[in-house]
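This report concerns only the one structure given below.
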Number of protein chains: 2
Amino acid sequence: MAAAALEHSKETIASRVVDALRDDIITMALKPGDVISESDIAGRYGVSRQPVREAFIRLAQQGLLLIRPKRATVVKKISPIGVRQSRFIRESIEVEIIRRVAGQPSDDAADVLTRLIADQEAASDANDSRRFHTLDELFHRTLARLAGVEYAWQLIDDHKMQLDRVRYLTLGVSSTQRAIAEHKQIVEAVAKADPTAAETAMRAHLARAELLLNQTISDFPDYFE
Amino acid sequence: MAAAALEHSKETIASRVVDALRDDIITMALKPGDVISESDIAGRYGVSRQPVREAFIRLAQQGLLLIRPKRATVVKKISPIGVRQSRFIRESIEVEIIRRVAGQPSDDAADVLTRLIADQEAASDANDSRRFHTLDELFHRTLARLAGVEYAWQLIDDHKMQLDRVRYLTLGVSSTQRAIAEHKQIVEAVAKADPTAAETAMRAHLARAELLLNQTISDFPDYFE
DNA sequence: TCTGGCGCCCTTCCATACAAGAATGGCATT
DNA sequence: AATGCCATTCTTGTATGGAAGGGCGCCAGA
């Protein structure tokens, strides 16, 4: 925990504490199982306990913290079941999305997606994992936008944080080459207006995450329930 | 707002306030657009502002309240876009569920579902709308359980509250007969182990909600954005 | 040595006081 | 009559002190 002096903006203190803590949790600066307390964090950021408490409540609702009344507050360990179910939800939605996109194809769609893949290849060549994953997220978000349900993507953002923690642990591991190849298959199916092929490619793409999860669990057993 | 003296249990005051307020909102005792304040609710329940404030935060995260800093807190109006997107998510997941259930059929599945439909018919004959909708929810939840993703159902419960408010407004309107007939089609497809037919039936079942939504918007325009 | 009880310390939870922004209505000025 | 300013009074946001409860270790007794 580096974390000194959250930069002051016009937002409320509570909001800034939420952002700071969430970032620390996703980047594993705060590890699953770590015990924190209101006064602890309050002292660390030089604020009172009240806004910290409110931050705890919000993060607990997002599934990142576990408040044990009168006992303590801990960074929630990652639940393999929760991760799989979150992925089930994501897969359900993404399959529906890719069907729509492939079902009503436009030249724009394929173009935009192709360009994104090119960027990803550049990031991969430069070994810039962070940027690669940012572009990966953008790829999927773009599909949602093309399907006209970008707003729905925001709704599942909460669940996605569970997946993000796992992904952060696999930053150096995941094979970017393979992901790119899979993305190409998806775009290809979209260009051909073949919903079934698109669905198959998307399922394969998402299924690979299962392998990564299992490896990550054995690499960091303490971080999981 | 009837609402006196929330019954005391061992839970925290904040939790009880959350439950009470959420119930008031979903049952339209608190109407979309109503302005409430921390001290208002605090006085009404005879507690201090603090737990009420925490309840507001939690309900705001669930999309039921809108906290306008330093200004006021209002019961959020229902967003037609949000409702449609929530339904999109639900439809995506339910289609995936029904495919799985129909894909790996069991005698139990059809039996349990058939029994639930019988109960629904009884409730419909008795004109018990509340019970009918409770059974309706149980029907879909059972499908999730049969697909082995009951936990995922919990994850979308938050989004479902948006739909619940609309559904409450349509309590006397919705044609229970039709819903029952659609449920029968679904079970039939499951019994025949026909995923495609099951999917079609499920989509039709969920699509009918769109009509209800449009009618509800014109019936209660003030409750929507 | 083992076991049960008691007290201390830690936590979250609640209450209260104060601070600061925002809206509204009255009043003065033009 | 219209308009701009200012004070009053709401609201939510923050700080702080104490209350209530759970965990843990020391200590006494068997």
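Note on naming: letters A, B, ... go to the chains in the order of the sequence lines (proteins, then strands), and numbering restarts at 1 for each one. Computed from a predicted structure; not experimentally measured. For the numbers below, each heavy atom of this structure counts, side chains included, while hydrogens, waters and symmetry mates do not.
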Length of the line joining [X]:[atom1] and [N]:[atom2], which is rounded to integer Å:
X       : N      : atom1 : atom2 : value
A:Glu11 : C:dA20 : CD    : C1'   : 17 Å
B:Glu54 : C:dC13 : CD    : C1'   : 7 Å
A:Arg53 : C:dC14 : CZ    : C1'   : 8 Å
B:Ile67 : C:dA22 : CD1   : C1'   : 16 Å

**OP:** Classify the angle between the aromatic ring planes of A:His183 and A:Phe139 as parallel (below 30°), tilted (30 to 60°) or perpendicular (above 60°).
**Re:** parallel
Subject >> A:Ala14 or A:Pro69, whichever maps to the more 5' nucleotide of DNA chain D >> reply: A:Ala14
Original post:
How does DNA chain C read in dot-bracket, base by base from 5' to 3', with Watson-Crick or G-U pairs under 3.5 Å and | used when the partner is on another strand?
Top reply: ||||||||||||||||||||||||||||||
[Y] backbone acceptor or donor facing [X] side chain under 3.5 Å:
X        : Y        : answer
B:Thr134 : B:Arg130 : yes
A:Lys76  : A:Pro32  : no
A:Gln162 : A:Gly63  : yes

Subject >> B:Asp136 and B:Arg167: CA distance, side-chain angles, deciding distance, salt bridge (Lys or Arg N to Asp or Glu O under 4.0 Å) verdict >> reply: CA-CA 12 Å; B:Asp136 183 76; B:Arg167 192 161 65 171; 3.7 Å; yes
Original post:
Can you list the residues that meet the salt bridge (Lys or Arg N to Asp or Glu O under 4.0 Å) rule with B:Lys160, with sequence neighbours excluded?
Top reply: B:Glu137, B:Asp164
Subject >> Non-neighbouring partners of A:Gln85 that pass side-chain hydrogen bond (donor to acceptor under 3.5 Å, both in side chains), sequence neighbours left out >> reply: none
Subject >> Intermediate values then yes/no, salt bridge (Lys or Arg N to Asp or Glu O under 4.0 Å), B:Glu96 and B:Arg90 >> reply: CA-CA 10 Å; B:Glu96 187 73 24; B:Arg90 176 171 170 174; over 6 Å; no
Between N or O atoms, less than 3.5 Å apart, protein on one side and nucleotides 15-18 of chain D on the other: list the pairs.
unit_1: D:dA15; atom_1: OP2; unit_2: A:Ser48; atom_2: N; d: 2.9
unit_1: D:dA15; atom_1: OP2; unit_2: A:Ser48; atom_2: OG; d: 2.6
unit_1: D:dA15; atom_1: O5'; unit_2: A:Ser48; atom_2: OG; d: 3.3
unit_1: D:dT16; atom_1: O4; unit_2: A:Gln50; atom_2: OE1; d: 3.4
unit_1: D:dG17; atom_1: O6; unit_2: A:Arg49; atom_2: NH2; d: 2.7
unit_1: D:dG18; atom_1: O6; unit_2: A:Arg49; atom_2: NH2; d: 3.3

Can you give me the N/O atom pairs linking the protein to nucleotides 8-11 of chain C at distances under 3.5 Å, or say none if there are none?
unit_1: C:dT11; atom_1: O4'; unit_2: A:Arg71; atom_2: O; d: 3.4
unit_1: C:dT11; atom_1: O2; unit_2: A:Lys70; atom_2: O; d: 3.4

Original post:
When A:Val75 is tested against each of A:Leu59, A:Asp24, A:Leu66, A:Asp34 for side-chain contact (heavy atoms from CB on, under 4.5 Å), which residue passes?
Top reply: A:Asp34
Subject >> Pairwise side chain to side chain donor-acceptor pair (under 3.5 Å) hits with a residue in residues 49-66 of chain B, at least two apart >> reply: A:Arg53-B:Glu54, A:Glu54-B:Arg53, B:Arg22-B:Gln62, B:Glu38-B:Arg49, B:Glu38-B:Arg53
**OP:** Report, as yes or no, whether the 6.0 Å neighbourhood of atom CG on B:Leu211 holds more than 12 heavy atoms from other residues, nucleotides or ligands.
**Re:** yes
